[in-house]
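Residue numbers start from 1 in every chain, and the chains themselves are labelled A, B, ... in the order their sequence lines are given, proteins ahead of strands. All heavy atoms count here, side chains included; hydrogens, waters and symmetry mates do not.
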Amino acid sequence: MRIIISNSSNEPIYMQIVNQLKELILKDELKAGYALPSIRNLARELQVSVITTKRAYEELEREGFIETVQGKGSFVAAHNKEMLREKKLSIAEEKLGEAVLFAKSLGLSLDELIELLQLLYEEEE
Amino acid sequence: MENILEVINLRKNFNKFALKDISFTLPKGYIMGFIGPNGAGKSTTIKLIMNLLKKDGGQIKVFGKDHIQHEKEIKQHIGFVYDESHFYDELTLDETKKFIAPFYKSWDDHVFHKYIKIFQLPLDKKIKELSKGMKMKFSLALALSHDAKLLIMDEPTSGLDPIVRSELLDILYEIIQDEEKSVFFSTHITSDLEKVADYITFIHEGEIVLSMAKDDILDNYCIVKGGIDLLDTYNQKAFVGIRKTQYNFQGLIDCREKVQNLFKGNVIIEKPSLEDIMLYIVRGKQYA
C-alpha cells in the first residue's frame, strides 16, 4: 500500500487519501478483504490528524469501497465486478472529456480527433 | 461523543487583561492545539483549568466533572507538562521520581522505566544538568507513568530544536493510538506539532477567535493574491485580513466559494497555513 501526501496540493488531505486508496482498489492492488490499517495507525504513518484519516475512511465507506467491522477494523469491500467496471468507465469518460475539451481549444474537428484516437488505440494493441 | 475537557464561558479579570467568557470542548481520544500570540491568554486558561488560578466566572469540566469539586480525583488522571521546569534542580531524575510517584494512586514504575529507556534519559543526572528537550521528555515520562487520560502541555515546544520537536510529534502519535488519551497543548509558534492536532482553538486578546476541526479551518480559508486594480470597496470587505502593496495584494478569505463570485478566476488562490491564518486575523485590519 502506497500513499503519498502533498502539503502543497490544493486537494484536501483526506481527499488525497481517498483518491489514492480508490485507485489502489480499482487497480486491484488492494484486493477484497485486505485489512486496512486503523485510522490512528494510518494517521501516525502519514503524520496527519486522526480526524483526517477518519474522514477518508468514512468517505470510502460511503462510496462502498471499504467496510468497517466494529472492533475488527476496516477492510476492502468485496464489490461486484459490475460496479467496479462502472467506476472505471466513469474515470475513462472523465479523462476523454478532458481530452475533448483540450482538442476543442486547439480547434481540432471531431473527425481529426477520432482519427487521432484510432491511431493511439491501435498503437496500444 | 464523550468530552474530556469542557470550558464554558470561562472568565478571569486582571488589571489590564481579561479572559472574556471563553468556551471550547475537546472530545475523548483527540488532540487539540491551543494557539495564539504571546499574551493572548493561553497560560491563564491552562492555569485556570489546573485550578492554579481562581476563575471569576464560568465552568470547567474535566472527564465530565467539575474541576474544583473533584479536583483531587481529576488530577490523578491529568498529566501536566510545563514549559518551565518545576523540579528541584539539585535532585537527580531518580530522586525526583521517588518524590513524585507517591502522589499518584496508579503510578506504574514499569511504565516509567519504559519511557526513560525510550527517551534515553539518564536517571543518575541532576535536573539542572538536563537540556531543555530532556526536561520536557522527563516531564512527559512522569506524566505518562500515572495513567493520565488527559495530557495538558503548556508550550511544550518552546525553545526546542526541530529534531526534538519531531520526536515529540512521534510520541504524541504513540500516545493516542489506544483511543483513550486526549491531549491539549498550547503554543505561540505554529509548528510541525500541529500536524497531529485534530482540533485547533485560536485565542487572541482573551477571546476565542475560532475553535474547530483543523481540517475544516484549512479547507475553508484561502489566501487570495492578485493585482491591486481588482480591489474595490465591496470586495475588500470580504477579507479577514489583507495586505496591499504597490504591485499587488494578498489577503485571507474565510470561505473558498466567495472568491469565485468576487474575482471570477482573475486571482491566484492558495492553501493557507495555520500561521497565515493566525497572522491575518491578528494583524487583519492593521494592514488595510
Value for CD (A/Q47) from CG (B/D170), rounded to nearest 0.5 Å, stands at 6.0 Å
Honestly, the part of B/L218 sitting under 4.5 Å from a heavy atom of chain A is neither
Just by distance, do the side chain of A/R40 and the backbone of B/G29 share a donor-acceptor pair under 3.5 Å? yes
Please find the pair of heavy atoms, one from A/S49 and one from B/A197, that lie closest to each other, and give the distance. CB-O, 3.2 Å
Is chain A contacted by the side chain of B/K271, its backbone, both, or neither, given a heavy-atom distance below 4.5 Å? both
Just how far is it from atom OH of B/Y173 to atom CG of A/L46, taken to the nearest 0.5 Å? 8.5 Å
Heavy atoms of other groups near A/K88 NZ, more than 12 under 6.0 Å: yes
Sequence neighbours excluded, the answer for side-chain hydrogen bond (donor to acceptor under 3.5 Å, both in side chains) partners of A/K27 is A/E23
Identify whether the distance between the nearest side-chain nitrogen and carboxylate oxygen of A/K54 and B/D215 falls below 4.0 Å. no
Does the side chain of A/V48 reach to within under 4.5 Å of the side chain of B/K195, using non-hydrogen atoms? no
Does A/I51 form a side chain to side chain contact (heavy atoms under 4.5 Å, CB included) with B/K214? I'd like the steps, not just the answer. CA-CA 9 Å; A/I51 282 190; B/K214 181 185 67 188; over 6 Å; no
Taking only residues at least two apart or on different chains, which pairs with a member in residues 217-227 of chain B satisfy side chain to side chain donor-acceptor pair (under 3.5 Å)? B/K225-B/E270
What part of A/E11 is in contact with chain B, defined as an atom under 4.5 angstrom from a non-hydrogen atom: side chain, backbone, both or neither? backbone
